[in-house]
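The structure presented is a predicted model; accordingly, all values stated were derived computationally and were not measured.
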Amino acid sequence: MATNNTFATIGTSSTTVSAERNERVSAVYANDSTQIMYLAVGASAVIGSGIRLAPGEKFVVQPGDRLNGSISGICASGSANLSFYENYN
């Protein structure tokens, strides 16, 4: 099993933070900033749509969730850090 343990800086335009992974087993994406951010799976991120993460919140992908698409993020102003850890085959 491979892992990806890193972070991405997200700005006011959609940013791909993790590539499509056909065999993503589990993951944790954490908003490590003071900005609200939005995540999208398999598409460009849009403000007010998708997975909303307030500062300090996290989104967890558990085995069996089948979240295989790329992950993109966006924030309304400034920039925000998204810390994440993924397991995949």
Legend entry - Flag side-chain contact, heavy atom, 4.5 Å: Thr16 against Ile71: no

Inset, instruction - Report the residues that fulfil side-chain contact (heavy atoms from CB on, under 4.5 Å) with Val28, sequence neighbours left out, ordered by chain and then residue number. - result: Lys58, Val60

Legend entry - Atom pair CG/CD of Asn81 and Gln35 - distance to nearest 0.5 Å: 11.0 Å

Legend entry - Shared hydrophobic cluster, Phe59 / Tyr38 (ILVMFWY, side-chain heavy atoms < 4.5 Å): no

Inset, instruction - For the residue pair Asn87 and Thr3, confirm or rule out a side-chain donor-acceptor distance under 3.5 Å. - result: no

Legend entry - Joint cluster assignment, Leu53 & Val17, ILVMFWY side-chain distance < 4.5 Å: yes

Inset, instruction - Output yes when a side-chain donor or acceptor of Thr15 lies under 3.5 Å from a complementary backbone atom of Ser13, and no otherwise. - result: yes

Legend entry - Donor-acceptor under 3.5 Å (Asn31 side chain, Ala54 main chain): yes

Inset, instruction - Kindly give the heavy-atom pair with the smallest separation between Ala40 and Ala43, and that separation in Å. - result: CB-O, 3.6 Å

Inset, instruction - Please confirm whether the backbone N or O of Ala45 pairs with a side-chain atom of Ser72, one donor and one acceptor, at under 3.5 Å? - result: no

Inset, instruction - Kindly work out whether a path of hydrophobic side-chain contacts (I/L/V/M/F/W/Y, heavy atoms less than 4.5 Å apart) joins Leu67 to Ile51. - result: yes

Inset, instruction - Take Val25 and Glu23 through the side chain to side chain contact (heavy atoms under 4.5 Å, CB included) test and state the conclusion after the steps. - result: CA-CA 6 Å; Val25 176; Glu23 296 184 14; 5.6 Å; no

Inset, instruction - Check whether any side-chain heavy atom of Pro55 sits under 4.5 Å from a side-chain heavy atom of Ile36, and report yes or no. - result: yes

Legend entry - Full working for side chain to side chain contact (heavy atoms under 4.5 Å, CB included) between Phe84 and Leu39: CA-CA 12 Å; Phe84 60 96; Leu39 302 181; over 6 Å; no

Inset, instruction - Mind checking side-chain contact (heavy atoms from CB on, under 4.5 Å) for Ser83 and listing every partner two or more places apart, or none if nothing turns up? - result: Phe7, Asp32

